[in-house]
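Working notes, structure below.
Residue numbering restarts at 1 for every chain, and letters A, B, ... go by the order of the sequence lines.
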There are 2 protein chains.
Amino acid sequence: MSADAETPRPVTRIQREKQELILEAALDVFSQHGFRGSTIDQIAEAAGMSKPNLLYYFKSKEDIHAPLLARILDTWLDPLRDLDADGDPLPEIQSYIRRKLEMSRDFPRESRLFANEMLRGAPGFHDVLHTELKNLVDEKAAVIRGWMAEGKIAKCDPYHLIFSIWATTQHYADFDIQVRAVLGRERSGEGRFEDAARFLDQLFLHGLSPAKKA
Amino acid sequence: MSADAETPRPVTRIQREKQELILEAALDVFSQHGFRGSTIDQIAEAAGMSKPNLLYYFKSKEDIHAPLLARILDTWLDPLRDLDADGDPLPEIQSYIRRKLEMSRDFPRESRLFANEMLRGAPGFHDVLHTELKNLVDEKAAVIRGWMAEGKIAKCDPYHLIFSIWATTQHYADFDIQVRAVLGRERSGEGRFEDAARFLDQLFLHGLSPAKKA
DNA sequence: CTAGAATTTTTCCAATCGGTCAAAAAAAAT
DNA sequence: ATTTTTTTTGACCGATTGGAAAAATTCTAG
């Protein structure tokens, strides 16, 4: 018997399903209230079980939160990983933007959980940001810089370019309520994501300068 | 004697100062942990006083939080209010971006408090978003559309333009930790805001299309 | 100096928090 | 059917929470 007093490693299919159910409920709660603002009771109720029962599957609040974060960061960076150095620069960036926007549309809770963690100062997350994340961004920034050197794209700071893509796309998940309020009832349908996609295409491709017919 | 059992309206100069001291401390705490994740004890300690003493000045947690939010939304929108329909479009927008960026640099806690509130779904804030905020944005969106009609600026959705300015500028306050991690030790000085300003100028003015010498 | 008001501290409370434990119940294995 | 294992429940614990009450202190005016 190992000395590890941990959550029963998922043997049964049922166990895995229950754990998934709990993580799903926890995502709901954590993404709204943050880690400290969420309670185990809340999560348990959202998952339709009692608190001790939930604690049978995850032995602490942290143990529910941590795997959520880990999983999310990973899928969150997938679109950036797929940025292809051998592709056409502008279409590559364009499709990166589109994929990030789709993630904000399809996984807003994940985006908000991530944002909550950043606002807290990302405790117990620092290392990942400075290694995994930084390495990936460094790599892709180099790719982008390569495109600039070839004259295929306007010269600019690739890091801030990536930041601006993150910011503009995630905004539609994290500030959803504000966006809906400002757009009003009529324009708050799912169509707002298509409008956003159109706008971001134009912004990143041409900016605001009036079209020159030179 | 009014029936309102409220916090002693600030008569003394000392009272006003203490209240300000508390709000300052509360801003620190709330901006990091959100409303539910913050405790009165934390705030009291940050303000250098005991919890009951703090409760002498503000009778509840909500009573500390609410005025902070109200004040922030107001100053937060100042730059947009100043967007001048009679000014030159591109410089107007450029200086709006710059001011928003400066606010992220100089008042990051305010930005984070606001972000925290949005993530929660902005309870007890809905009305303000749908009236004050929406009205202002509608007004300024009309101004921008006017500029487009005159051909002084490229045609695009003015609402999403405003969203993208909010997103890109506030990102440097709300995701500060991520930004620092990615930029690395060397580039995490205050200079990053100048880099950001340069980049955003280019993004919004010209986008990423390679400079045409047509 | 002294009465009165303003401020601060001490003590306390009920509710909620994260989490434990043993017993009950349900499933699975024999 | 019965034993064994897994899952669920109910009762409970110490710590922390938001907040009240009242005593103790400090400040201020006369």
- request: Quick one: pull up OG in S111(B) and CD1 in I72(B) and give me the separation to the nearest 0.5 Å.
  value: 9.0 Å
message: Rounded to whole Å, please give me the gap between CD in E45(A) and C1' in dT16(C).
response: 14 Å
query: Does R192(B) reach the main-chain N or O of S188(B) with its side chain, forming a donor-acceptor pair under 3.5 Å?
result: yes
task: Round to a whole Å and report the spacing from CZ of F58(A) to P of dT20(C).
output: 15 Å
field: Length of the CD-P vector between Q19(A) and dT8(D), whole Å
entry: 12 Å
- prompt: Along nucleotides 9-21 of chain D, 5' to 3', which nucleotides get a B, which get an S, and which get a -, given that the test is a protein heavy-atom distance under 4.0 Å?
  reply: BBB-----SBBBB
- request: Taking the side chain as every heavy atom from C-beta outward, state whether D174(B) and F175(A) have any atom pair closer than 4.5 Å.
  value: yes
- prompt: S104(B) side chain to L101(B) main-chain N or O, any donor-acceptor pair under 3.5 Å?
  reply: no
field: Length of the NE2-C1' vector between H33(A) and dT16(C), whole Å
entry: 15 Å
field: Parallel, tilted or perpendicular, as decided by the 30° and 60° cut-offs, for the rings of H160(B) and F163(B)
entry: perpendicular
message: Whether R99(B) and E102(B) form a salt bridge (side-chain N of Lys/Arg under 4.0 Å from carboxylate O of Asp/Glu) is what I want to check.
response: no
query: Given dT7(C), dT8(C), dT7(D), which nucleotide is nearest the side-chain atoms of Q15(B)?
result: dT7(C)
